[in-house]
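Reviewing the structure listed below.
Letters go in sequence order (proteins before strands), and every chain restarts at 1. Note that the structure is a prediction, hence the values are computed from the model and not measured. Excluded from the calculations below are hydrogen atoms, water molecules and symmetry mates; all remaining heavy atoms, backbone and side chain alike, are included.
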Amino acid sequence: MASLKDIRGRIQSFKNMRKITRAMEMVAAARLRRAEQRIEALRPYADAIRRMTSRASQAAENIPSLPILEEKDEIRRVGLLLVTGDRGLAGPFNAQIIRAGNRRSAELRADRVETIWYVSGRRGESSLRFRGLELGGAWTGFTDRPAFADARAIADGLASAYVDGRVDRVEITYNGYISAVRQEVRHETLLPLQQADVLEADEEESEDDIHRRALWIYEPDPEEILARLVPDYVEISIFRALLESTASEHGARMTAMRNASDNAAELIDDLTLEANRQRQAEITQEIMEVVAGAEALR
Amino acid sequence: MARSSFPVEVLTPEGQVFADDVEMVSTRTTTGSIGILARHAPLMAILEPTELRLYKSESDVVRFAQGEGYLQVVDNSALVLVEEAIAPEDIDRPAFEARLEEARDAVERAAEDSEERSRAEREVRRYEAFLGVASG
């Protein structure tokens, strides 16, 4: 049985641990708020790009044939982008992405399709490298606060691989953000871009708009503008995935740290009870000894 | 006499960086430099990396290093959609110089006529423009 001193030492160490996990929980909560705001900040830009695309596609006489929209006849290699975090201590956040990636890769293998791995975040990178896998590309060092330039770097890498024929399809697996306590693994096809998603007209045009459309000046012509707008969807999709992943990471860390703090509190309670019991036992023992001594002297 | 002004909004994926009335917007499209004054005809254009200048008045000019993007003018208001809009004083010279170097290497490495190469070349143009704004 542990001595009273041992128990008190353990209580102290759990208390210190709880201080750390509480601090981490609060840091994660603050970062989560900021990450949520950044998801919001993307929306006006993404909406404006969407409206512009629909306007340009209505003005264009024909939709330009873009390699990024073209489906490949034969799928032999699929690029799989796993979006993980640079750091751990976030519950199942990183592990569930890697697990989902493995599952997807096994499915592809069953269809005789090779997986080319792409990864963002140090956790995913080290885990894939540890398993001896060769990576098509790895981007790290920004998952706390991804910038649009980071998303563009990833998009450049993936779109080049697709257009230059190194992969025949690109898929992405990331933690989608639902709320501070809920994240879900999402799996989406990134390339080829779905023409229907990109070029559908969004709102109904009024008579007035149709009249005025002829008066627009395009520099250069609408086809070329479209050829530039459409690939931007890849960057925006990746940026959104990075932002959602970051928010999810902070949410998952917050939950993990709160559980750790609660667990520490529970252990402290149990140990305190145990310590009190022992202390009581020691006191009882001493009284018994005194009484026994007095009894003997009589 | 002061020129009449019109509202301009500058949006990036990381949020709005400017929304105010200006007398003139000066930037560069794929076909060349352009200045937008009030009551401009409806316009849609592709923007190239350059210095974006927003003239609130003759002497009060807000400047940004602008990445690739789009310009839309309609109903006497302008919308500038760019991937980046960085205030000149926020440009981190050494970081951009390093990225420019990297991009130049990437151009060298990439195969002729590949998508990889054309994207790396865009990268080079962007960072050259940013560094130009920083020193200008």
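Both the backbone and the side chain of A/Phe148 come within contact range of chain B, with heavy atoms under 4.5 Å apart. With a threshold of 4.5 angstrom between heavy atoms, B/Glu84 approaches chain A through side-chain atoms but not through N, CA, C or O. For chain A, no part of B/Arg117 is nearby; none of its heavy atoms comes within less than 4.5 Å. With a threshold of 4.5 angstrom between heavy atoms, B/Ser118 does not approach chain A through any atom at all. Contacts between A/Ile236 and chain B at a heavy-atom distance below 4.5 Å are absent for every atom of the residue. Heavy atoms of A/Ile68 lying under 4.5 Å from chain B belong exclusively to its side chain. Contacts between A/Arg152 and chain B at a heavy-atom distance below 4.5 Å involve the side chain alone, from C-beta outward. Neither the backbone nor the side chain of B/Glu9 comes within contact range of chain A; no heavy atoms are under 4.5 Å apart. Contact annotation for B/Thr29: only side-chain heavy atoms (C-beta onward) come within less than 4.5 Å of a heavy atom of chain A. With a 4.5 angstrom heavy-atom cutoff, A/Glu224 touches chain B only via backbone atoms. A/Leu243 does not touch chain B: none of its heavy atoms, backbone or side chain, sits under 4.5 Å away.
There is no side-chain donor-acceptor pair under 3.5 Å between A/Asp168 and A/Tyr162. Looking at A/Tyr177 and A/Glu36, their side chains do bring a donor and an acceptor atom within 3.5 Å of each other.
Contact count versus chain B (heavy atoms, under 4.5 Å) is highest, among A/Ala151, A/Ala161, A/Pro222, A/Ala41, for A/Ala41. Contact count against chain A (heavy-atom pairs under 4.5 Å) is highest for B/Gly15 among B/Ala110, B/Gly15, B/Gly69. The choice from A/Ala46, A/Pro67, A/Ala159 that makes the most heavy-atom pairs within less than 4.5 Å of chain B is A/Ala159.
Shortest non-hydrogen contact noted between B/Ala85 and B/Val10 is CB-CG1, 4.2 Å. Here the shortest heavy-atom pairing between B/Phe130 and B/Ala65 reads CD1-CB, 3.8 Å. For B/Phe64 against B/Ala87, the heavy-atom pair with the smallest separation is CD2-N, 3.9 Å. Closest approach of B/Glu51 to B/Val133, counting heavy atoms only: CB-CG2, 3.7 Å.
In B/Asp90, the CG atom is crowded: over 12 heavy atoms of neighbouring residues, nucleotides or ligands sit closer than 6.0 Å.
Atoms CD1 and CD, on B/Ile46 and B/Glu68 in that order, are 10.0 Å from each other to the nearest 0.5 Å. The CD atom of A/Glu125 lies 12.0 Å from the CG atom of A/Leu82; values are rounded to the nearest 0.5 Å.
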